[in-house]
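Reviewing the structure listed below.
FYI, the numbering just counts along the sequence from 1.
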Amino acid sequence: MITTTQIRPASVFLVSGGAKGITAKCVIKLAQQHPCKFILLGRSELLETEPDFAHNCFDEATLKKRIMQYLLSTGEKPTPMSVQKLYNQLASSREIKETLAAIQQAGGEAEYISVDVTDTSALNQKITATVERMGEITGIIHGAGNLADKLIEKKTEQDFEKVYTAKVQGLENILACVKPSQIEHLVLFSSVTGFYGNIGQSDYAIANEILNKSAHLFKQKYPQCHVVAINWGGWDSGMVTPELKKEFARRGIDIIPIEAGTQMLVRELHPVHHNTTQVVIGSPMPTPAAPLDSELRTYRIRRKLTLAANPFLHDHVIAGNPVLPATCAVSWMSDVCEKLYPGYKAFSSTDFRIFKGITFNETLADEYILDLQETSKNLDHHEINFLCKIWSKTPEGKTIYHFSTQVKLLRDIPPAPIYEKLNLIEDNIITTTGKDFYQTGESALFHGLSFQQLERVINITPEKITVECFWQEIDKTKQGQFPAYWINGFTTDLSTHPLWIWLHHYHQEICLPGQQEKYEQFAKTPYNQPFYVSCEVKSKTQTSVIADFFVHDKQGKIYSQLLGGKGIIFPAKLMQPKSQI
C-alpha cells in the first residue's frame, strides 16, 4: 500500500546548491512552514572569520576599494579579476551565513558542507560525517547547476561537462550517498529549458530533461517516495538581468516572483501532490524567431478529419449534421503557418471566404488538403504573408474548395489598441442570460455546451450590441484536431454570437458566417474569465448583414477585432435538427 509522506520535525533534507541563490530562498520558505533539518551543499568556502579589512563593510564599491588596498599591502598588484575573486568569496560566505541564520530563525536546523557534488569521494566522506550529527537523510533537493550559454557550434567539451556533470553526475553521486529506500522526498530542480528547449542552452536542456526522466524512473522504482521534477521558468533574481527581462517581455515570458515561487515549492511538497512527478512552473519558452530569407515557398499539408477525433463538433450541429465552425478553419490555417516559422505569430487573416463548409456526414472527404503559398516577405519588418486554401476531392475526382484566406505572420505583434466606443452601461432591454440563449427554440442559438458561453447582453441599439462572455476552457481531448493556441477558434466563434441575437431581436431572422474582410489579433482571448464583445452593425439587407466585432477587456483593451464580418441570413427552421424540420 502506498502512503503519502509528511514532512516532520525529524525530517532531514540534503540540499545541493542550497546555501545561495534561489535554492536557498526555497529552503528558507520550506523551513518557515516545516521547521526540520537541512544539510546544505555548495562549492563556496564558508569563512569562519572575515579579514579585518572587511569588518562592518557592506557597500560593494567600498569593500572593493579595501580589497585593493589589502592586496597592495601584501605586495600584490590588484587586477579587476583578483579584486572580484576576493569580493565574490566574501559575498558568498556572507550569503551562506544569512541562509543558515534564516533557517535557524524559522525554527529549523542547518549545517553547511563545502563540497563539489561531482567529487564522489569527498561528497560521500563529508555527508557520512554530517549524518552522524544530524540524523539519517529522508529528503533530497537537488538544486545545483551551472550555465555555459553559447550557440551549439561554439560550445566546447568543457562547456558541456561543466553543465552536464553538475546536474546529472551530481544527482547520481548524491543518490549513491543515501539509501534510496529511506528517501521520502526527492525534489529535482529542472528547467523549462529542458521541457521546451532554448537557443544557446542545448547542454542545459539535455541535462534538465535527464533530471525529468530520472524523476519518473525513481518514482516507478520507489512509489512510496514523493518525487517531483520542477521545471522552473526564469526567476526574478540576479541571474535575470534588466536586459534579459526586456527580452523575456518581448517574447511574452513572465518571470517568477521570489515569494510566489518559493511558496509553490512548499505547495508541491504537500501530500496531495504525492503522485505528480513533473510540473512546469512559469511561462512557456517560445522559440526566438529565426532569421528570414527572401525565398518564397509553397507547402501542401494533408489531413484526415473524423468526427471521433473532434468531440466538440457534437456541439456545432446544423440541420442535424456536425459542421466545422468557420473560425476553426481560420485557426487551422493560421496555426499551420505559425508552425512553419517558430517565433512568429499570426497577426491577421484577411479576405476569408467560405466556399463550401466541411460537414461531417456522407459528404466528408477522405482527406483535406491545405495549400500555403508565401506571397511576400518583409525582412526588415519580420513579416511573412501567405495565401491559404483548404480543398478536397470527391470520389469522382472533382475538386471542392472549402475555405481560403490570406494570413500575415509577424515576429512582433503591435500593442493592443483601445476600443474608443466602449460602453458597458446596462440597459436591461434583453434580460436573458447564460445558457437560456441556446437551444431553447427556433430563434435560439444552436450551439451546444462547448460554445454556450455568452453570459449576458449589456446593451443593444439598432446599430450595436455589447455582451459579456466567459469561455470555460474545454478539455484538450474534446478540442480534438483544433486545439486553442494563439488563435482560438472557440472564443472567436463565441464572439460572433451577439450578431445572431441582434438580428433576431430587431428583424426576427438568423444568419451563418459567409466571409470576413479582416481579422486581427493583438493578445490571446482569456480563458476562464470574463471578456467583452462590442458588435457594430454596418449594413443589413434581405439576404445578409455585415458587422464589425471588437473583443476586449473591461477597460476596452482589444484582444482581437473582426472587421467586415458578413452573415448570410437563413430561415430559422434550417438551423434545427432534421427531426424537427
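Applying the salt bridge (Lys or Arg N to Asp or Glu O under 4.0 Å) test to pairs two or more places apart or on separate chains, those with a residue in residues 26-36 are Lys29-Glu259. Residue pairs that meet the salt bridge (Lys or Arg N to Asp or Glu O under 4.0 Å) test with at least one member in residues 6-19, sequence neighbours left out, are Arg8-Glu184. Under the salt bridge (Lys or Arg N to Asp or Glu O under 4.0 Å) criterion, no residue pair touches residues 135-144, with sequence neighbours excluded. Sorted by first and then second residue, the pairs that involve residues 203-212 and meet salt bridge (Lys or Arg N to Asp or Glu O under 4.0 Å), not counting sequence neighbours, are Lys155-Asp203, Glu209-Lys213.
Here the OG1 atom belonging to Thr156 is positioned 9.5 Å from the CD atom belonging to Glu161, to the nearest 0.5 angstrom. Taking CZ from Phe189 and CG from Leu265, the interatomic distance works out to 5.0 Å, rounded to the nearest 0.5 Å. Within the model, atoms SG of Cys57 and NZ of Lys64 stand 12.0 Å from one another, a figure rounded to the nearest 0.5 Å. With rounding to the nearest 0.5 angstrom, the CD1 atom of Ile183 is 11.0 Å from the CZ atom of Phe13. Separating the CZ atom in Arg267 from the CD atom in Gln33 is a distance of 12.0 Å, to the nearest 0.5 Å. Atom CG of Asn212 and atom CG of Leu217 lie 11.0 Å apart (nearest 0.5 Å).
The environment of NZ in Lys25 is sparse: at most 12 heavy-atom neighbours from other residues, nucleotides or ligands sit within 6.0 Å. Around CD of Gln104, the count of heavy atoms belonging to other residues, nucleotides or ligands within 6.0 Å exceeds 12. For Lys557, the NZ atom is loosely surrounded, since the number of other residues' heavy atoms within 6.0 Å does not exceed 12. For Asp366, the CG atom sits in a loose shell: 12 or fewer heavy atoms of surrounding residues, nucleotides or ligands are nearer than 6.0 Å. The environment of CD in Gln105 is sparse: at most 12 heavy-atom neighbours from other residues, nucleotides or ligands sit within 6.0 Å. The environment of NZ in Lys85 is sparse: at most 12 heavy-atom neighbours from other residues, nucleotides or ligands sit within 6.0 Å.
At a threshold of 4.0 Å, the pair Arg94-Glu98 does not count as salt-bridged, since none of the basic side-chain nitrogens sits closer than that to a carboxylate oxygen. For Glu367 and Arg302, the salt-bridge test passes: some basic side-chain N is under 4.0 Å from an acidic carboxylate O.
The aromatic ring centroids of Tyr204 and Tyr164 lie 6.0 Å or more from each other. Ring centroids of His497 and Tyr438 are separated by less than 6.0 Å, placing the two rings close together.
A donor-acceptor pair under 3.5 Å is formed between the side chain of Gln479 and the backbone N or O of Ile474. Looking at Ser334, its side chain never comes within 3.5 Å of a backbone N or O of Ser331 through a donor-acceptor pair. Side chain of His274 to main chain of Gln224: a donor-acceptor pair is present (N/O by atom type, distance under 3.5 Å, no hydrogens or angles). A donor-acceptor distance shorter than 3.5 angstrom exists from the side chain of Lys97 to the backbone of Leu47, with no hydrogens or angles considered. Judged purely by atom type and a 3.5 angstrom limit, Glu268 has no side-chain atom pairing as donor or acceptor with the backbone of Val228. Thr193 places no side-chain N or O within donor-acceptor distance of the main-chain N or O of Ala205, the cut-off being under 3.5 Å. A donor-acceptor contact shorter than 3.5 Å is absent between the side chain of Glu109 and the backbone of Lys37. Listed for the Thr23 side chain is no donor-acceptor partner under 3.5 Å among the backbone atoms of Gly18. The closest donor-acceptor contact from the side chain of Tyr87 to the backbone of Leu63 lies at 3.5 Å or more, if one exists at all. Under the 3.5 Å distance criterion, the side-chain polar atoms of Ser560 are left unmatched by any main-chain donor or acceptor of Gln521.
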Candidate pair Phe470 and Phe531, rule ring-ring contact (aromatic ring centres under 6.0 Å, His included), full reasoning = CA-CA 6 Å; Phe470 186 106; Phe531 63 91; 8.5 Å; no

Take Asn231 and Asn208 through the test side chain to side chain donor-acceptor pair (under 3.5 Å) and record every step on the way to the result.
-> CA-CA 8 Å; Asn231 292 235; Asn208 281 293; over 6 Å; no

Given side-chain contact (heavy atoms from CB on, under 4.5 Å), test Gln182 with Ile137 step by step and report yes or no.
-> CA-CA 8 Å; Gln182 77 187 33; Ile137 293 166; 4.3 Å; yes

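Of all heavy-atom pairs spanning Asp553 and Gln555, the tightest one is OD1-N, 3.0 Å. Here the closest heavy-atom approach between residue Tyr222 and residue Ser181 is recorded as CE2-N, 4.2 Å. His447 and Gln439 make their closest contact through O-NE2, 3.4 Å (heavy atoms, listed as atom of the first residue, atom of the second, distance). Nearest heavy-atom pair across Leu30 and Leu269 is CD1-CD1, 3.9 Å. For the pair Ser495 and Val533, the tightest heavy-atom approach, listed with the atom from each and the gap, is O-CG1, 3.4 Å. Val407 approaches Ala346 most closely through the heavy-atom pair CG1-CB, 4.2 Å.
Classified by interplanar angle (parallel below 30°, tilted 30° to 60°, perpendicular above 60°), the ring pair Tyr341/Tyr344 is perpendicular.
Thr118 meets the side-chain hydrogen bond (donor to acceptor under 3.5 Å, both in side chains) test with Asp116; sequence neighbours excluded. Checked against salt bridge (charged side-chain N to carboxylate O under 4.0 Å, His left out), Glu473 has the following partners two or more places apart in sequence or in another chain: Lys476. By the side-chain contact (heavy atoms from CB on, under 4.5 Å) test, Ala215 pairs with Leu188, Val227, Ala229, Thr277, sequence neighbours left out. With sequence neighbours excluded, the residues satisfying side-chain hydrogen bond (donor to acceptor under 3.5 Å, both in side chains) with Glu111 are Arg133. With sequence neighbours left out, the salt bridge (charged side-chain N to carboxylate O under 4.0 Å, His left out) criterion links Asp335 to no other residue. With sequence neighbours excluded, the residues that form a ring pair (Phe, Tyr, Trp, His ring centres under 6.0 Å) with Trp332 are Phe482.
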Sequence neighbours excluded and cut-off under 3.5 Å, please list the side-chain donor-acceptor pairs for residues 303-313, or say none.
unit_1, atom_1, unit_2, atom_2, d
Arg303, NH2, Gln481, O, 2.4
Thr306, OG1, Ala309, N, 3.1
Asn310, OD1, Gln481, N, 2.7
Asn310, ND2, Thr306, O, 2.8
Asn310, ND2, Gln481, OE1, 2.6

Validation: residues 141-153 side-chain donor-acceptor distances under 3.5 Å, sequence neighbours left out:
unit_1, atom_1, unit_2, atom_2, d
His142, ND1, Ser16, OG, 2.7
His142, NE2, Ala166, O, 3.4
His142, NE2, Lys167, O, 2.8
Asn146, OD1, Arg43, NH2, 3.0
Asn146, ND2, Lys162, O, 3.2
Asp149, OD1, Gln201, NE2, 3.3
Asp149, OD2, Gln201, NE2, 3.1
Lys150, NZ, Asp159, OD2, 2.9

